[in-house]
Amino acid sequence: MHTAFEDILRRPELDREDIKVLLSAEGAQMESLLRHGLEVKLAHLDNFVHLRGLIEYGNVCEKNCLYCGLRTGNEKVARYCLSDAEVLDCARLAHELGYGSVALQSGERSDADFIDKIEYLVREIKKIDGGSLGVTLSLGEQSEETYRRWFEAGAHRYLLRIESSDEELYYKIHPRNDKHSFRRRVECLESLKRLGYQTGTGVMVGLPFQTLNHLAGDLLFFKQMDVAMVGLGPYIPHPDTPLYRHKDIIPSAKDRMDMTLKMIAVLRMMMPEINMVAATANQTIDPQGREKAIAAGANVIMPNLTPGEYRESYFIYPDKACVKDQPDQCQTCLDIRLAAIGHKIQYNAWGDSVAFTKKH
Ligand code: SAM
Ligand code: SF4
């Protein structure tokens with residue numbers, strides 16, 4: 001006889017109440033939820049993990065998100081922007097290491113120089129070995145025209161986390177003004193999908209004021225938006241940001257980690273064929289965090305390729321994992337860690353979202 005909890009695990013469609021029950025799981029029930037996330041992944045995908053070599057292009061940002069160390073109001077950050085040669089060296093290294101794809105991420109800028117430069121860099125990256133590298137961008141909110149230019153230059157995936165799908169909570173973690181409009185962020189996701197990008201979104205888990213109902217709503221939002229990729233990670237308080245003053249009301253690091261894993265497992269049940277990133281923030285609060293995320297249903301890892309001297313300036317949150325690792329050390333370490341949980345890295349492939357590929 002199945003318990004009520006096991007019945008929910010077997011349901012083909014989950015409603016908000018089912019999701020809340022699953023996200024409340026603890027102890028043996030949590031273990032069986034995470035095992036189920038892994039089983040669903042292995043049944044629909046495989047045991048391969050796809051890599052995106054992360055290039056943290058620059059930390060100049062026009063926005064003032066209340067949680068992020070790169071916010072324009074943080075005067076303690078030494079701002080940088082990689083040169084063209086540095087970006088292209090990183091991309092060539094990704095190719096040599098067999099990563100298959102790179103992800104270019106930075107603070108948000110919408111000036112013409114930035115837009116032109118990204119277009120140029122994407123075109124140059126696509127010239128490496130006849131276009132063999134896949135290109136993911138994560139460069140914030142832009143006009144549809146800008147997204148189109150970058151798509152035509154060769155980028156084919158874009159990550160723009162909604163951060164919270166609840167408008168009220170969104171404005172508790174962002175200033176309420178035109179530069180931080182919830183509506184615009186949703187419209188950007190719609191533009192990206194319309195243009196043909198494999199579109200990814202996600203949220204931070206364990207934010208101040210965030211409830212189980214918010215998190216259940218986030219999972220339903222991903223499904224309703226029919227996205228191709230999701231990146232979920234724990235919120236990590238940064239001392240030089242306004243949200244830090246609420247650090248005492250957030251769940252413990254272990255609880256934020258556990259909730260992230262439960263979110264991954266439940267989302268894998270709801271969207272079995274999407275790509276899901278095991279965020280670096282997982283490893284920051286738990287040394288085994290990324291492997292745990294893979295073992296709960298995630299299938300993408302983003303090893304950092306940013307040149308060493310800039311890594312500490314991409315200071316989104318404290319104690320970021322792997323800040324001092326060299327790319328080759330990082331790769332060996334990943335191979336070993338993933339083998340230990342029965343997974344393998346898929347080298348020399350773009351690792352596109354199966355959900356997206358089937359639809360298009
Ligand atoms: N500027 C782009 C944007 O906001 O979409 C991309 C870069 S931004 C640094 C990448 C992600 O970092 C954000 O989507 C956010 O979820 C995450 N992030 C920022 N501050 C964080 C924090 N304190 N804890 C955990 N994640 C954080
Ligand atoms: Fe800028 Fe992105 Fe950080 Fe917001 S989350 S301050 S947009 S880098």
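The chain is numbered in sequence order, starting from 1. Counting convention: from 1, in listed order, for ligands and their atoms alike.
Every atom of ligand 1 is numbered from 1 in the order shown, and the set under 4.0 Å from a heavy atom of Ser138 is 6 (C). In summary, the atoms of ligand 1 found under 4.0 Å from a heavy atom of Pro234, numbered by their order in the structure, are 25 (C). If you number the atoms of ligand 1 from 1 as listed, the ones under 4.0 Å from a heavy atom of Arg161 come out as 14 (O), 15 (C), 16 (O), 17 (C). Heavy-atom contacts of Arg185 reach the following atoms of ligand 1: 3 (C), 4 (O), 5 (O) (cutoff under 4.0 Å).
The part of Tyr314 lying near ligand 1 is the side chain, judged by heavy-atom distances below 4.0 Å.
For Tyr67, a nitrogen or oxygen atom sits less than 3.5 Å from a nitrogen or oxygen atom of ligand 1, counting backbone and side chain alike.
Using a 4.0 Å heavy-atom cutoff, Ser106 is listed among the residues neighbouring ligand 1. Taking a 4.0 Å cut-off on heavy atoms, Ala281 fails to register as neighbouring ligand 1. Every heavy atom of Ala279 sits 4.0 Å or more from the atoms of ligand 1.
Under the 4.0 Å criterion applied to side-chain N and carboxylate O atoms, Asp286 and Lys254 are not assigned as salt-bridge partners. At a threshold of 4.0 Å, the pair Glu96-Arg92 does not count as salt-bridged, since none of the basic side-chain nitrogens sits closer than that to a carboxylate oxygen.
The side-chain heavy atoms of Val300 and Met276, taken from C-beta on, include no pair separated by under 4.5 Å. Counting heavy atoms from C-beta outward, Met263 and Thr260 have side chains that stay 4.5 Å or more apart. Contact annotation: the side chain of Ser106 approaches that of Phe114 to within less than 4.5 Å [non-hydrogen atoms, C-beta and beyond]. A 4.5 Å side-chain heavy-atom check between Leu22 and Met269 finds at least one atom pair inside the cut-off.
Both cation-pi conditions hold for Arg176 and Tyr171: the charged atom is under 6.0 angstrom from the six-membered ring centre and inside a 45 degree cone around its axis.
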Stepwise, does the ring pair (Phe, Tyr, Trp, His ring centres under 6.0 Å) test hold for Tyr347 with Tyr99? CA-CA 6 Å; Tyr347 287 105; Tyr99 284 5; 7.2 Å; no

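Between His156 and Trp350, the distance from one ring center to the other falls under 6.0 angstrom.
For atom 24 (N) of ligand 1, the closest heavy atom belonging to the protein is Ile236 N, 3.0 Å. The single protein non-hydrogen atom nearest to atom 26 (N) of ligand 1 is Met204 SD, 3.5 Å, given as residue, atom name and distance. Shortest contact from atom 21 (C) of ligand 1 to any protein heavy atom: Ile316 CG2, 3.5 Å.
In this structure, atom 2 (Fe) of ligand 2 has its sub-4.0 angstrom surroundings free of protein heavy atoms. Protein heavy atoms are found less than 4.0 angstrom from atom 19 (C) of ligand 1.
Note on residues 222-242: pairs passing side chain to side chain donor-acceptor pair (under 3.5 Å), not counting sequence neighbours, are Lys76-Asp240, Asp226-Lys359. Annotation: side chain to side chain donor-acceptor pair (under 3.5 Å) contacts involving residues 66-75, sequence neighbours excluded, comprise Asn64-Arg71, Tyr67-His174.
Protein N, O or S atom count below 2.8 Å of atom 3 (Fe) of ligand 2: the structure gives 1.
No more than 12 heavy-atom neighbours from other residues, nucleotides or ligands sit within 6.0 angstrom of CG on Asp178.
Taking each of Arg256, Glu163, His238, Gln105 in turn, the one with a heavy atom nearest to atom 13 (C) of ligand 1 proves to be Glu163.
Summarising the hydrophobic clusters (Ile, Leu, Val, Met, Phe, Trp, Tyr; side-chain heavy atoms under 4.5 Å, direct or chained), the residues clustered with Val354 are Leu45.
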